[in-house]
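Chain letters run A, B, ... following the sequence lines, proteins first and then strands; every chain starts at 1.
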2 protein chains.
Amino acid sequence: MQDILFNFISKYISLTEDEKNALLSLNIFHSVKRGTTLLKEGQYSNESFFVLKGCIRTYYMIDGEEKTTAFYTEMDAFTPSCVISKTPSDYFISCVEDSILTISNAEMEAEVNSKFPKFELMCRKLSEELLAKQRIDFDEFKTSSPEERYLNLLQKRPDLIQRVPQHQLASYLGIKPQSLSRLRSRILEKKN
Amino acid sequence: MQDILFNFISKYISLTEDEKNALLSLNIFHSVKRGTTLLKEGQYSNESFFVLKGCIRTYYMIDGEEKTTAFYTEMDAFTPSCVISKTPSDYFISCVEDSILTISNAEMEAEVNSKFPKFELMCRKLSEELLAKQRIDFDEFKTSSPEERYLNLLQKRPDLIQRVPQHQLASYLGIKPQSLSRLRSRILEKKN
DNA sequence: GGTATTTCTTAACTTAAGTGAACGGGTTAT
DNA sequence: ATAACCCGTTCACTTAAGTTAAGAAATACC
């Protein structure tokens, strides 16, 4: 399980055994049960996540309805906005499946960054990369219809459609569950 | 004009006069005429932008139509996705107004970062912050209707609605120009 | 200054998403 | 075992966005 993390890190920097051990000594590996809430709206937090196994999601509570806006699965790193802005969180974070995560906090990062400056470099590269990827995702979302978004998701993250409840997928696609259901049957009809 | 840049930087790190001069010696300030294309679809680039004055936009060419997805105005920093991914650009970048920009490239950044390691820190902080902001923007987009998006924009970037052509605004809001026009008159009716 | 082009608006019609309600299947809890 | 709840689907109806087309207004160009 630890190798998954080190594999991920190796995409950005190379680590010595000492550095690996320093990371492991922080005890950042955690098992989290399905349904667990990791962060609530209104809370302050300085915790970042990395998904080794499983799936977590962010959702807003708007007019009494959950609006799921993001899913993080294997090999996804995620720092909530509220950690960066140091304001109360606008959204909830919750476990979609039983998951294994690394959960680190700002102090740990500060410690590691000061001990091993190359972590700073990794963080920069990673967030630049995520920023660019998210920009592309956002642009695709803007320039396509709900149906195109669904078909696009089917190509890019087919696993999500299997492992995640439909009503969560719907708001992820920016529509209502009924519309997703209808849209799916419309696509099936077209195939025949 | 240079002070705008230094003001921006001072939000993240503090600079000595030497460091400021090192930056100025790179000759990164440029005047760009309205309508100038800064980057074309399919091109490789390693240039980043910072807007001192004016407005630039990114747009995709889809089925012969321009789809504008982002605007960058005063105090906005912007590194195109293709610079990060080292792939050909998916979109165009163009000047909406006569503008004054800083245009820097990867070599300059590498040089500055090695001379002054604290620039590395600034880059990390900045991209983390932009990532978090963009996440919130994306979430707002997903969870609201075109009309809500327009009203939201009216609150957050009222200047954009004045300085940018409607048809560019429309695709920025994820709709067609005709729909934006109709939506606006619908809002006016409601007020009366 | 006048023409050409682009931009914005309006309208009629089509298509798809939102809404409210109902139903069945499945799970959970008591 | 039964009731309560959650979830996905379907339906009928409403509302809003897409499409196509036309014309007016603003802007650019020569």
Tell me the closest heavy-atom pair linking [X] and [Y], and the distance in Å.
X        : Y        : result
A:Tyr60  : B:Asp139 : OH-OD2, 2.6 Å
B:Arg163 : B:Cys55  : NH2-CB, 4.1 Å
A:Leu101 : A:Val32  : CD1-CG2, 3.8 Å

With the side chain counted from C-beta on, respond yes when A:Asn152 and A:Phe141 share a heavy-atom pair under 4.5 Å apart, and no when they do not. no

Would you confirm whether A:Ser179, through its side chain, and A:Ile175, through its main-chain N or O, come within 3.5 Å as a donor-acceptor pair? no

Once side-chain hydrogen bond (donor to acceptor under 3.5 Å, both in side chains) is applied, do any residues pair with B:Thr87, and if so which ones, sequence neighbours excluded? B:Ser85

Base versus backbone protein contacts along nucleotides 17-30 of chain C [heavy-atom cut-off under 4.0 Å; B, S, -]: BBBB----------

Would you compute the distance between atom CD of B:Glu41 and atom CZ of B:Phe92 and round it to the nearest 0.5 angstrom? 5.0 Å

Nearest 0.5 Å, what's the OG1-CD1 distance between B:Thr37 and B:Ile93? 10.0 Å

Salt bridge present between B:Lys53 and B:Glu74 (N-O < 4.0 angstrom): no

When the ring centroid of A:Tyr72 is compared with that of A:Phe49, is the distance short of 6.0 Å? no

Ring centroids only, cut at 6.0 angstrom: are B:Phe50 and B:Phe8 within range, meaning strictly under it? yes

What are the bounds, 5' to 3', of the part of DNA chain D that sits under 4.0 Å from heavy atoms of chain B? D:dA16 to D:dA28

B:Arg184 atom CZ is separated from C:dT10 atom P, nearest whole Å, by 10 Å

Axial bend angle, the helix from C:dG1-D:dC30 to C:dG24-D:dC7: five-pair end segments, nearest 10°: 50°

Run the salt bridge (Lys or Arg N to Asp or Glu O under 4.0 Å) test against A:Glu47 and tell me which residues pass, sequence neighbours left out. none

Expected output is a numbered-order residue list: members of residues 158-169 of chain B with a heavy atom under 4.0 Å from any atom of DNA chain C. What is it? B:Pro165, B:Gln166, B:His167

